[in-house]
Amino acid sequence: MTDLLEDCRRTHYSKQIKPEMKDEDVVIMGWIHEMRDLGGIIFVLLRDRDGVTQVTAPSKKIEPELFEELKKLKKESVIAVKGRIQESAKAPGGVEIIPETMKLLSESKLPLPLDTTEKVRAEIDTRLDSRFIDLRKHSVSAIFKIKSRMLHSVRNFLESEDYTEINTPKLVGSATEGGTELFPITYFEREAFLGQSPQLYKQMMMASGFDNVYEIAPIFRAEEHDTLRHLNEVISIDVETAFTDDIDAMNILEKMVVKAITDVKEHCQDALNTLEFGLQIPETPFPRIEYDEMVEMVNNKGVKMEHGEDMSRAAEKVMGELMDGYYFITAWPTDIKPFYVQPSAEDPAKSCAFDLMYKDLEISSGAMRIHDHDLLVEKIKSKGLNPDSFNRYLAAFEYGMPPHAGWGVGAERFTMTMTGQKNIRETVLFPRDRRRLTP
RNA sequence: GCCCUGGUGGUGUAGGGGCUAUCAUGCAGGCCUGUCGAGCCUGCGACUCGGGUUCAAAUCCCGGCCAGGGCGCCA
């Protein structure tokens with residue numbers, strides 16, 4: 001099979017074929033999107049990465065053998081066609097290819113598990129079972145082109161701001177960070193866990209002299225949630241910066257968000273058009289609302305919320321109606337934030353923690369961290385955790401730890417806001433949720 | 001984990017104690033030289049699984065599994 005291609009190589013993608021190129025010979029390769037056999041003329045719609053090109057085969061104008069081969073083709077088979085570009089007002093896009101030779105590179109089995117032409121829509125569950133075919137739909141691949149560009153842009157931005165990319169372990173030895181449920185795994189003769197967050201590692205890096213670090217990597221949460229905005233494996237864009245506070249952290253986050261959106265809007269217009277999504281570049285600075293004020297806003301809208309509570313789903317929805325784009329919620333009560341969050345100097349009941357929201361969706365949370373060893377130990381105790389199990393982490397605070405701040409952005413939720421998706425599963429190639437572990 | 005709703009050809013659906021189980025798309029065959037959601041003709045293909053009620057269950061009841069929506073959980 002390896003010599004099937006021989007010296008045949010693609011010369012153009014569908015998108016590159018223009019009417020001005022008439023009479024040129026080209027080789028296109030891709031999947032058969034649709035076949036329209038009218039008897040004396042066959043139209044083969046050939047789909048590749050970015051578009052669809054019509055191959056037009058009139059029986060009188062091409063070799064009879066080629067005509068018969070084309071007649072036998074099946075949907076979603078992979079072919080290479082060499083042919084001449086013809087300008088035609090009757091063809092989609094004003095161009096078509098008159099075939100000279102055709103190679104069948106891979107024949108598709110039928111029936112298909114999904115309709116790639118989207119005449120009959122399929123449910124997300126069916127689509128995920130056959131994700132590789134689902135992704136052949138340009139309306140699906142567009143989401144991942146945007147996600148790719150967003151991640152690229154985030155890296156570019158952070159590198160330009162003098163950040164160093166780091167990699168921290170995803171196999172961790174203890175569940176002592178507290179809070180979320182962890183996935184236990186077998187690590188030789190011991191028990192270990194999948195990392196829920198690079199939090200403690202990126203803080204330890206603050207004692208290393210790198211100053212600005214970031215990591216883009218998966219995090220794992222063993223919560224049995226079953227919603228449109230939670231998954232058990234997601235990509236976290238994590239940042240930590242030394243000699244800074246929460247205000248600096250919010251500023252850099254805001255800058256990164258705008259930069260990524262601007263970049264996607266500039267480079268992914270085709271994908272955005274395919275999704276029919278009008279991406280708006282948000283204005284800066286993003287509104288900053290204190291927690292106390294938010295509680296008041298929620299209660300004024302008739303949704304009950306006690307001071308000191310975390311946001312309920314109903315509270316998030318109310319805020320989503322009141323605030324149209326991105327906004328920060330700041331000055332969270334220290335009590336409902338993790339042990340490493342710095343209490344405010346003026347009022348220790350308030351913290352230097354913030355959340356970045358997009359309408360009713362939490363995109364990021366961050367904070368200035370405690371860098372004082374003794375205060376940190378005290379906070380660990382007050383949360384009912386054992387400081388002994390944080391030995392290696394705490395040691396980093398004993399030999400010169402600068403003040404620092406950071407945040408983590410959920411890459412998939414961020415992608416949802418850039419693509420208009422309502423289900424987080426749409427933004428992951430092979431999502432892992434409560435029930436799904438394959439493919 | 002809780003509440004509500006559901007599971008019917010490959011895909012998406014209608015129906016709802018006894019029907020030849022609806023429609024679209026698809027697939028197979030036929031006709032057709034400008035299709036572009038091609039059209040027309042013929043055919044193919046389905047009641048989630050287990051138990052129960054009943055003369056009779058795809059339909060009613062119970063349970064499992066799975067899905068959709070909502071919530072909780074998510075330092």
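The structure displayed is predicted, hence computed values, not measured ones. Just the heavy atoms: all of them, side chains too, but no hydrogens, waters or symmetry mates, feed the values below.
Two rings, from A/Phe390 and A/Phe339, have their centers less than 6.0 Å apart.
Side-chain nitrogen and oxygen atoms of A/Lys119 include at least one within less than 4.0 Å of the OP1 or OP2 phosphate oxygen of B/G26. Taking only side-chain nitrogens and oxygens, A/Thr126 comes nearer than 4.0 Å to OP1 or OP2 of B/G12. Look at A/Lys317 and you'll find a side-chain N or O under 4.0 angstrom from OP1 or OP2 of B/C71. Phosphate contact (OP1/OP2 of B/C73, side-chain N/O of A/Arg221, threshold under 4.0 Å): absent. Side-chain N/O atoms of A/Arg121 include one lying less than 4.0 angstrom from OP1 or OP2 on B/U13.
Note that A/Arg413 lies outside the cation-pi zone of A/Tyr358, set by a 6.0 Å cut-off to the ring centre and a 45° limit from the axis.
Closest to the A/Val120 side chain, of the nucleotides B/G1, B/A28, B/U25, is B/U25. Here the side chain of A/Leu228 is nearest to one of B/C71, B/G69, B/U35, namely B/G69. For A/Gln54, the side-chain atoms get nearest to B/U35 when compared with the rest of B/A75, B/C74, B/U35.
When each of A/Ile336 and A/Leu114 is assigned the nucleotide of RNA chain B with its nearest heavy atom, A/Leu114 is the one assigned upstream, toward the 5' end.
Ion pair A/Lys202/A/Glu215 not flagged as a salt bridge, since none of the NZ, NE, NH1 or NH2 atoms sits closer than 4.0 Å to an Asp/Glu carboxylate oxygen.
Between B/C36 and B/C23, the distance separating the two C1' atoms is 25 Å to the nearest Å. The same atom, C1', is picked in B/C31 and in B/G69; the two are 48 Å apart, to the nearest Å.
Atom CG of A/Asp125 is separated from atom P of B/G10 by 16 Å (rounded to the nearest Å). Distance A/Arg432 CZ to B/C74 P: 24 Å, rounded to the nearest Å.
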